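The block underneath contains the structure these notes are about, expressed in structure tokens.
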2 protein chains.
Amino acid sequence: MFEKYVRILKEHSMKVTPQRLEILRYLDEHRNHPTVEMIYLELKKRSPSLSKTTIYNSVEILEKHGIIQSLRIIGNETRYDYRSDLHHHFICKKCGRIFDIDLTCPVIDRVEKNGFKVEEIHGYFKGICKDCLEKEIEENGPKGTS
Amino acid sequence: MFEKYVRILKEHSMKVTPQRLEILRYLDEHRNHPTVEMIYLELKKRSPSLSKTTIYNSVEILEKHGIIQSLRIIGNETRYDYRSDLHHHFICKKCGRIFDIDLTCPVIDRVEKNGFKVEEIHGYFKGICKDCLEKEIEENGPKGTS
DNA sequence: TTTTAAATTGAAATTATTACAATTTTATAT
DNA sequence: ATATAAAATTGTAATAATTTCAATTTAAAA
Ligand SMILES: [Mn+2]
Ligand SMILES: [Mn+2]
Ligand SMILES: [Zn+2]
Ligand SMILES: [Zn+2]
């Protein structure tokens, strides 16, 4: 069940603790880019002695080792992403969900031509997701015929 | 001196107050994407009765009217930008400065093909700026010859 | 000049995050 | 299997950013 996450931690010579395993599993199975609070509330159900500080400590060290990544997109909470590879995001203004967008950024060259050395790329789009667009059409008729 | 900002506020039928004028002028003249704290500390010098809450209120309403925009890029503070038009940013990991990057994002079409309706684009790059790169070369010799 | 709605202010409350010291646990060496 | 040391977890307290709120002041319309 947890072998996968045990392996990841050991590859980074990090100590294997039940808390870290649960956090990794949560992030892996809930690809919803959760906040610390969301992880905490969910895991606390099964492990009532869990401390929120442990979540903060764990996501910090997991990110430092490049196992996960953090996002600051909406509100004033940091969100965490099981995927640590470079990808973009789409935030739906209606339902609040955060979607992964896989595309290679084609503008790095142009930025580097200006003399900057680019080490990280962060990009996200805001708008209305497919599901919410379809719901709008059901409710208001096509093209917002009111 | 302030006519420009008076005009902007009136165009949006917002009340013209000295606090709003000062905030707009600060943002216009300091294109450093400051935090509320930075604006506050600077303006407080000349207007000791200024309240930080006023800064929060003002930037909120200015953003709501599309006059300025907010950025959440580094740390856990919101930064404010006199420019409200779509543009990207570059954050230097050495000196911490935030640069404007003007380029038209060429990937919107691809995102919209997936069914999303894109309304906002937020993009930023992290790395080392030109100045800091040059300083590094001065200090360490070219190509980091140590 | 009067009036009224909106803005400003400062204090208190809330929320997210970090710091810290005591305790527990993991992983290693015996 | 046990002892050990370093690291992780925990709970509480501290900090930092932001929001709420009620009282006061002010801008702009009548
Ligand atoms: Mn993601
Ligand atoms: Mn900018
Ligand atoms: Zn949606
Ligand atoms: Zn720099």
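To find a chain, count down the sequence lines: A is the first, B the second, and so on, and within it residues start at 1. Remember, predicted model here, so these are calculated numbers, not experimental data.
Within 6.0 Å of atom NZ in B:Lys93, more than 12 heavy atoms from other residues, nucleotides or ligands are found, so the atom counts as buried in its surroundings.
A salt bridge between B:Asp100 and B:Arg31 is absent, with no side-chain N of the basic residue lying under 4.0 Å from a carboxylate O of the acidic one. Between A:Asp28 and A:Lys4 there is a salt bridge, since a side-chain N of the basic residue sits under 4.0 Å from a carboxylate O of the acidic one.
From the 5' end on, the contacts that DNA chain D makes with chain B at under 4.0 Å to a non-hydrogen atom open and close at D:dA17 to D:dA28.
Counting only N and O atoms by type, the side chains of B:His122 and B:Glu120 include a donor and acceptor under 3.5 Å apart. Under the 3.5 Å distance criterion, with hydrogens and angles disregarded, no donor-acceptor pair is assigned to the side chains of A:Thr54 and A:Gln19.
Residue-to-nucleotide proximity on DNA chain D shows that, of B:Glu77 and A:Pro18, the 5′-proximal contact is made by A:Pro18.
Listed in residue order, the members of residues 48-64 of chain A having a heavy atom less than 4.0 Å from DNA chain C are A:Thr53, A:Tyr56.
If you chain together hydrophobic residues whose side chains sit under 4.5 Å apart, A:Ile108 and B:Ile108 never meet in one group.
Following rounding to the nearest Å, B:Tyr40 (OH) and C:dT9 (P) show an atom-to-atom distance of 9 Å. Rounding to whole angstrom units, CG of residue B:Leu43 and P of C:dT8 are separated by 12 Å.
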Polar pairs (N or O, both sides) under 3.5 Å between protein and nucleotides 1-6 of chain C?
{"unit_1": "C:dA6", "atom_1": "O4'", "unit_2": "B:Lys15", "atom_2": "NZ", "d": "3.2"}

So A:Ile68 and A:Asp81, side-chain contact (heavy atoms from CB on, under 4.5 Å) or not? Walk me through it.
CA-CA 6 Å; A:Ile68 66 173; A:Asp81 192 341; over 6 Å; no
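A donor-acceptor pair under 3.5 Å is formed between the side chain of A:Arg20 and the backbone N or O of A:Lys15.
Ring geometry, A:Tyr82 versus A:Tyr5: the interplanar angle exceeds 60°, so the pair is classed perpendicular (tilted spans 30 to 60°).
Ring-centre distance between B:Phe125 and B:Phe90: not below the 6.0 Å cut-off.
At the heavy-atom level, B:Val36 lies nowhere under 4.0 Å from the strands shown.
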